[in-house]
Number of protein chains: 4
Amino acid sequence: MSPKVSDAYKEERRAAILEGALQCFADKGYPATTVDDIVRRLGISKGALYNYFASKEEMFTALMEERMERLIVGVKGERYDTIPDAAGKLSLIMRRFQRQALQELRPLLAFYLEFSLQASRREELRQVMLRHEETAVAFIREVIEEGIRSGEFRPDLDSGEAASLFWALRDGIALQFIGSGEDEQYQVLMRGMERMLLLYANKRPEG
Amino acid sequence: MSPKVSDAYKEERRAAILEGALQCFADKGYPATTVDDIVRRLGISKGALYNYFASKEEMFTALMEERMERLIVGVKGERYDTIPDAAGKLSLIMRRFQRQALQELRPLLAFYLEFSLQASRREELRQVMLRHEETAVAFIREVIEEGIRSGEFRPDLDSGEAASLFWALRDGIALQFIGSGEDEQYQVLMRGMERMLLLYANKRPEG
Amino acid sequence: MSPKVSDAYKEERRAAILEGALQCFADKGYPATTVDDIVRRLGISKGALYNYFASKEEMFTALMEERMERLIVGVKGERYDTIPDAAGKLSLIMRRFQRQALQELRPLLAFYLEFSLQASRREELRQVMLRHEETAVAFIREVIEEGIRSGEFRPDLDSGEAASLFWALRDGIALQFIGSGEDEQYQVLMRGMERMLLLYANKRPEG
Amino acid sequence: MSPKVSDAYKEERRAAILEGALQCFADKGYPATTVDDIVRRLGISKGALYNYFASKEEMFTALMEERMERLIVGVKGERYDTIPDAAGKLSLIMRRFQRQALQELRPLLAFYLEFSLQASRREELRQVMLRHEETAVAFIREVIEEGIRSGEFRPDLDSGEAASLFWALRDGIALQFIGSGEDEQYQVLMRGMERMLLLYANKRPEG
DNA sequence: CATGAATGAGTCTTCATTCAT
DNA sequence: AATGAATGAAGACTCATTCAT
């Protein structure tokens, strides 16, 4: 007799399950994660879980569809919009990535990589992945175009290409640290990435 | 006195199995690939396979150790050593990657990413991965140091960092194209990578 | 909120599985018994079995620990403690063994010998076996010491040695009848054993 | 063109294989022994082995049929027949068993036990086993009857029963030491066995 | 005769999913 | 809805036996 409440409750429950599944997938990988792992972590029963998801795969796909953006792009900070110059914005974004300790980054990276891999093999997921990439590229591209318009960056810079390289660098660095490596070394590379990109984007110094 | 077949035969057999396993791992991922998949693809029996490899994992590891080695070292072409300048060498290396059609490259890339992923979760594989990374970085680092010594690259360039960024870029670009994407766009990015790196090393591109 | 079946049910189930396993091990021997054999005999699924035991070996061990215990302790009948003299107790114990028809005894004997055999080759089982032997020897030894204290048995009798000989005789006789042999002949030997032991303990049989 | 030589050679070969198989079966048990184990120990090829025996089982059966007696009864020593009294003969036989170190005894005991077990399950082997037991019992029985005739042992002694108890004791003691235990303790029990049996057989001291 | 690579049925074990309660 | 015991189809790996050389 309280369908509204029930719906909210169900939504909450579903989200909680997804959260637990995400942790498990990140920890052990999708195939290695058992449904028992997930229910154990959540302290619920298998029957309960299967009330919300028809299969383990459905959880994976749902995570991909619903969490992907939140996972990777959650960068726009509170004060992001107050930064006047494009280079500053890019720097802020990269600093965000740097600040995150590797320890907490790793599971998510692993999960992201797993997503990419799975997506490369299954058409339905590929679409999700593509959409995500486009969002990510568009986000950076906008900043770069802002920089080109304002004269901070060289006018012949291909904003799409540069945005792709941005993400390539970020992902490639992440990949190097997915298994092991020190925070310090990670930050060195992230700073290198920053310098390299700004150098690439900038009007040539004295050109 | 005879099925003591030649060592060459056995080596060939082993290589064929590895090749089949690579295809399977690339297609479906390591955990999702069954030994039956591999065996079926090769048209041999399970026993035959287990004559050459003690476990599925051993194939996976061997592939990483032997195949990826080849991928890197295979870059050193016939005329590689005759190139006088470091920038030229780097360019050649990157051109190599560009020349390979994505279609051929994808299985290898997928395998490589898959290995990274698995390696992030299992100590034995991590060691193999680390060794591979060291080899790869050292290879590029050497070229960069040559460039620094010759004055082509700026003297304050950190060769290790630059080499890591090199591979980060390459891997990140690869990641973007694992699932889909056009050869043309891929080559655009690879050229972007080349320009960006040389600029970073302070070697102005001819343009 | 329910297939959380009662503990009693689970205990029953577990016992039933053990019973089936015992029959199989006795019939075909431990290594030759497949989990499928056990499951087929019980009419359950493999998954069900593995809900109760983590491995085939665990069943084997549990059987030794729980069943054989019962075999020994089960000898202590209701009126066992009311018997005043040690010789009477020993006799009772031996009569127990005699009373059991060979047909019933055989599977247990076969299992016991099988366990001894396997235990001779695997450390984990050896421990279980040792514990069992100690329990068994201690049980008889106590009775013998009681007899020594009461003067029924000669004072220089080594109770440990005698207890070992007791079990050696029983096991040796069992071994002779595992495969074939008549109940009658079995009982003749068991009576011989009784006389021999009491004579050795220096308690002249009535005869 | 030399069938006689060839036959001898073949017989030798066969015997060698059987010997190797015996060692393996004793070490690891029949089911756990692989044909590869046997072949490796002998330094021959599988094809060679299968020229002499049609199956692993055939080796086991052949061993049982051909080696059984040699294994257990090889007791009649050089000077055995010169001993005048029955008790002395029995003692000598038991001393033989005692002298053998447990370490070398164990594999054979394990094998013997395995035989018994297998024999209890398969009709063809049961016959072999029975014949062996009869031989063994008859051997001891003869000595005992000699003792009865000479007045050393009590006239009402049932020689068959006593012989069976003899072997039961010996096998039971062996069983106790199959997995572990010290030589010293083993010898203590064997001496206990000797005393117990002679006491049982003897005219009652002063009756 | 000897060789040992190849075969493939068979082994134990796991785990996604179902369903009686 | 929730529970968790039960199911049974895989999965990785083994090994007795065969057979081309």
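In the text below, chain A, chain B and the rest are named by the order of the sequence lines, each starting its count at 1.
Between A:V35 and A:Y50 the shortest side-chain heavy-atom distance falls below 4.5 Å. A heavy-atom distance below 4.5 Å is found between the side chains of D:R14 and D:E66. Contact annotation: the side chain of D:Q118 never approaches that of D:M64 to less than 4.5 Å [non-hydrogen atoms, C-beta and beyond]. Using a 4.5 Å heavy-atom threshold, the side chains of C:R67 and C:E19 count as touching.
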Checklist entry - So what's the dot-bracket for DNA chain E: Watson-Crick or G-U pairs under 3.5 Å, [ ] if a pair crosses, | if it pairs off-strand? => result .||||||||||||||||||||
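Near-neighbour residues of DNA chain F inside residues 111-126 of chain C, defined by a heavy atom below 4.0 Å, are absent. For DNA chain E, the residues of residues 45-62 of chain A within the heavy-atom distance limit of 4.0 Å (strictly under) are A:K46, A:Y50, A:S55, A:K56, sorted by number. Of the residues in residues 28-39 of chain B, those lying under 4.0 Å from DNA chain F by heavy-atom distance are B:T33, B:T34, B:V35.
Within the 4.0 angstrom heavy-atom criterion, no nucleotide atom of any strand lies near D:R40.
Taking both residues in full, the closest heavy atoms of C:A110 and C:A26 are given as CB-O, 3.8 Å, listed atom of the first, atom of the second, then distance. Contact between D:T61 and D:R122 at its shortest, heavy atoms only, is OG1-NH2, 4.1 Å.
A:L49 pairs with exactly one of A:M59, A:K56, A:R13 by the side-chain contact (heavy atoms from CB on, under 4.5 Å) rule, that one being A:M59.
A donor-acceptor distance shorter than 3.5 angstrom exists from the side chain of C:R126 to the backbone of D:G179, with no hydrogens or angles considered. Under a 3.5 Å cut-off, the side chain of D:D27 and the backbone N or O of D:C24 do not form any donor-acceptor pair. At distances below 3.5 Å, not a single donor-acceptor pair connects side-chain atoms of D:S120 with backbone N or O atoms of C:I178.
Using a 4.0 Å cut-off, no side-chain N or O of D:R13 falls inside it from OP1 or OP2 of E:dC1.
Here the CD1-CD1 distance, from D:I38 to D:I44, works out to 9.0 Å after rounding to the nearest 0.5 Å.
Atom CD1 in B:I17 sits roughly 14 Å away from atom C1' in E:dT7 (whole-Å rounding). Here the C1' atom of nucleotide E:dC12 and the CZ atom of C:F25 are 12 Å apart, to the nearest Å.
With sequence neighbours excluded, the residues forming a ring pair (Phe, Tyr, Trp, His ring centres under 6.0 Å) with C:F60 are C:F25, C:Y30, C:F111, C:F115, listed by chain and number. Every residue meeting the side chain to side chain contact (heavy atoms under 4.5 Å, CB included) condition with C:E58, not counting sequence neighbours, appears here in chain and number order: C:F53, C:A54, C:S55.
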